[in-house]
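Chain letters run A, B, ... following the sequence lines, proteins first and then strands; every chain starts at 1. Model, not experiment: these values are computed from the prediction.
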Amino acid sequence: MASLTAYLSGLAGDAFGALDLPRDLGLVSRSDRPDLGQFQCNGAMAAARIAKTNPRKIADQIVAALSENGCFSDVSIAGPGFINLSVTDEFLGRFLTSLAADDRLGVEAAPQKVLFDYGGPNIAKPMHVGHLRSTIIGDSLTRLFRFVGAETLSDVHMGDWGKPMGMLISALEAEQPDLPYFDASRSGSYPEESPVTLEDLERLYPVAAAACKADPVRDEAARLATVDLQSGRPGYRALWGHFLAVSRRAMEREFGALGVAFDLWKGESDVHDLIPGMIASLKKAGLARKDQGALIIDVAEPDDSHEIPPLILEKSDGGATYATTDLATILDRVETGAPDAIFYVVDQRQHMHFEQVFRAAKKGGLSGRAALEHIGFGTMNGADGKPFKTRAGGVMKLHDLIAMVREKASERLSQAGLATDFSQEERALIANQVGIGALKFADLNTHRLSDYIFDLDRFMRFEGKTGPYLQYAAVRIKSILRKAVEEDADIPDAALSITSDVERALGLALSAFPEAMEAALERRAPNLICDHVYALAQAYSRFYAEHHILSEKDEALRGSRLGLCRAALTQLVAALGLLGIDVPKRM
RNA sequence: GGCCCCGUAGCUCAAUUGGAUAGAGCGCCAGGCUUCGAACCUGGAGGUUGGGGGUUCAAGUCCCUCCGGGGUCGCCA
């Protein structure tokens, strides 16, 4: 079904069309001036320019045409030619009734196949807050696309193959040279038990990085180990396999806590074998050339406003770069999945990198019919406005951050005297849902390209525009619906009616869901879902404060109001679900 | 130095991509619970959208120019 503004835009478009003007001038949107009307159409001003006439004259004709339609309670002109529109309560009630009955909550289906690349954890490096935004935003966008019927594939895209792997191997060799993995003459299998724990890896990586930076000999050893690993030395491959398995358990722990799942657990290593063939074909196509010892692809265009450096396909030492791997990954994705689009939810600072890669991919014909898009985001900063750090000044591990958030949520529940008589298990579950919900909502509520300040106390507030407030609003509705069922009330499927100002406001808020979805999808902006869900919760709270529902004597009215409650709950749960936020049964 | 992004209420953030009187939350002030969950609701104060100029019926949004912050600028990822 069409959204309410899309429907009204169609009516206004017809009116413009009848005057031989472009139909899209009839675009109707939610009013900026609710005192003058529920909706507005600004097309008359633009039409006046086209028709070289007075905007009010055109507006008069549009108004005359629209007034004949019974769905409007008011159609009027204001200012230079703004057309203000309001619909009748009967019309709104009918619209809401069909919205409530729609499986997709009134949102139009947009079938397509899209692949999302987000998360991007690295082997041996603990996930940190830098991974948080990519994960939360990527997961939410995946859910949004899935909601409109897209076939989505999410790929975690691990950093599991570059020089860091060689650094780890050579650092471990320096510490424990007697391990069988380092014996080049060994034949046969290697132990199944990992020689390192997660803690070992997390300790080893900074040690290795520091050693390579300080000592050219160690750096060269790491480089050679990387080359050996990539060319298939069995001991190194076996060791690397252990690194991968150990790290992956930690990654799954973190993503699991966040409630984020991936369809694909691929990494850079998965495309290693595609690189030589890809480079050969790029050479053959005459796109790659040698420059300063490296193999490059020029991606600059004559009409560029800024300079774009060439993409380095092969370093002067013959090694592949991040860009090469990303190109091969596109090839892999296009060949194995044939998506309509590939979305990269990655820090905005890498925008230039993606521009290079996308241009090279198109030039080389690697991306097929897939659209390539970088969906960037800003950084999460500390209270001082600088990149987020622990009190000690180090990088905050995601694992610790999540523990902190749970702890804080549990504390707040106690302070508010909530969930006191629930079991330990249920309390822990609720604390987790509330804590993670607070974190996700705070992140998604900020437009993705903006930087924002991480302030746990603020996120975890139980009042205002926060995750917990929204969960609370939904839980209150669950509670009243439970009571209604206990009282054997009949909650009708149909016939939602508008009989008061707060009902009308709630109805208008409910009707805006498809529009919020559409805008959020188009702009890849989950913050628009946050805006909608918050406006809805507020409208519901006003409605709830004004009308006492269960004591209503008029059965039809009581039924309609319970129907509004249920519609609000359905939408709150669905919208929060799009943000990756769970609603507890009770709290 | 070149290029990109940003600067909005005391604080944290929005603004349907050029529309009317720039909106929310927190904080502040004043109100509202013997009935469905008050983690709620109602009302109020708070702004030269960093400064200046320009484009037009209309500018936070587009153009120019200063000021301030961040990012980035071929062999890191």
Side-chain angles (χ1 to χ4, degrees), chain A residues 5 27 29-33 35-36 40 42 45-46 48-49 54-55 78-82 84 120 122 159 162-164 268 291-296 304-317 319 321-323 325-326 347-353 356 376 378-379 381 385-386 412-413 415-418 442 445-447 449-453 455 458-459 461-466 468-469 471-473 475-484 487 512 515-516 518-519 522-523 527-528 530-531 534-535 537-538 541-552 565 586-587:
Chain A
T5 53
L27 182 69
S29 58
R30 301 273 159 176
S31 181
D32 292 327
R33 294 287 304 271
D35 51 322
L36 300 178
Q40 62 180 326
N42 302 336
M45 269 98 67
R49 189 180 301 211
N54 184 334
F82 293 102
N84 292 311
N122 297 307
K163 190 170 165 196
E268 296 170 341
D291 188 81
Q292 297 173 33
L295 188 67
I296 65 167
D304 286 340
S305 65
H306 56 282
E307 234 178 281
I308 301 201
L311 179 142
I312 294 185
L313 209 51
E314 239 175 38
K315 297 187 288 186
S316 40
D317 70 357
T321 67
Y322 179 46
T325 310
D326 268 0
D347 193 306
Q348 180 65 11
R349 283 175 293 195
Q350 295 191 34
H351 190 71
M352 173 81 86
H353 160 75
Q356 290 176 293
T379 57
N381 294 328
K386 288 185 275 193
R412 282 291 160 93
L413 285 172
Q415 282 170 2
L418 285 174
N445 183 46
T446 308
H447 181 83
L449 283 171
S450 303
D451 294 342
Y452 76 104
I453 292 181
D455 179 346
R458 191 160 52 76
F459 299 170
R461 238 170 231 156
F462 286 62
E463 56 277 320
K465 197 174 179 183
T466 65
Y469 166 85
Q471 287 169 321
Y472 172 72
V475 164
R476 280 201 308 180
I477 306 179
K478 287 188 179 183
S479 173
I480 192 173
L481 290 175
R482 261 198 305 268
K483 283 203 166 59
E487 292 175 17
E515 294 151 40
E518 203 177 303
E522 193 181 319
R523 292 163 59 187
N527 64 302
L528 298 175
C530 295
D531 285 348
Y534 183 66
Q538 278 191 312
S541 289
R542 247 174 267 135
F543 159 81
Y544 177 80
E546 177 113 353
H547 296 305
H548 199 275
I549 296 155
L550 294 180
S551 63
E552 175 56 48
C565 288
R586 53 179 194 165
M587 61 194 277

Exercise for review: Look at all strands and tell whether A/S450 reaches a base, only sugar-phosphate, or nothing, counting heavy atoms closer than 4.0 Å.
Suggested key: sugar-phosphate

Practice item. Using atom NE2 of A/H447 as one end and atom C1' of B/C6 as the other, report the distance to the nearest whole Å. Key: 12 Å

Point to revise | Results of salt bridge (Lys or Arg N to Asp or Glu O under 4.0 Å) for A/R523 - residues two or more places apart only | key: none

Review point. Tell me: NE2 of A/H547 to C1' of B/C36, nearest whole Å?
Key: 14 Å

Review point. Within the structure shown, what part of the strands sits under 4.0 Å from A/I453 by heavy-atom distance: base, sugar-phosphate, or nothing?
Key: sugar-phosphate

Show me the protein contacts with nucleotides 75-77 of chain B, counting only N or O atoms at under 3.5 Å.
{"residue": "B/C75", "atom": "O2", "partner": "A/S316", "partner atom": "N", "Å": "2.7"}
{"residue": "B/C75", "atom": "O2", "partner": "A/S316", "partner atom": "OG", "Å": "3.3"}
{"residue": "B/C75", "atom": "N3", "partner": "A/S316", "partner atom": "OG", "Å": "3.3"}
{"residue": "B/C75", "atom": "N4", "partner": "A/Q292", "partner atom": "O", "Å": "2.7"}
{"residue": "B/A77", "atom": "OP2", "partner": "A/Y322", "partner atom": "N", "Å": "3.4"}
{"residue": "B/A77", "atom": "O3'", "partner": "A/E268", "partner atom": "OE2", "Å": "3.2"}

Check your understanding: Between atom CD1 in A/I480 and atom P in B/C40, what is the gap in whole Å?
Key -> 17 Å

Point to revise | Sugar-phosphate, base or nothing in reach of A/Q40, heavy atoms under 4.0 Å | key: base

Point to revise | Stacked pair A/H548-B/U35, distance under 5.5 Å, angle under 30° | key: yes

Review point. Under 4.0 Å between a side-chain N/O of A/N527 and OP1 or OP2 of B/A15, yes or no?
Key: yes

Check your understanding: Under 5.5 Å between ring centres and under 30° between planes: true for A/Y472 and the base of B/G37?
Key -> no

Exercise for review: Check the side chains of A/R349 and A/T379 for a donor-acceptor pair under 3.5 angstrom, ignoring hydrogens and angles.
Suggested key: no

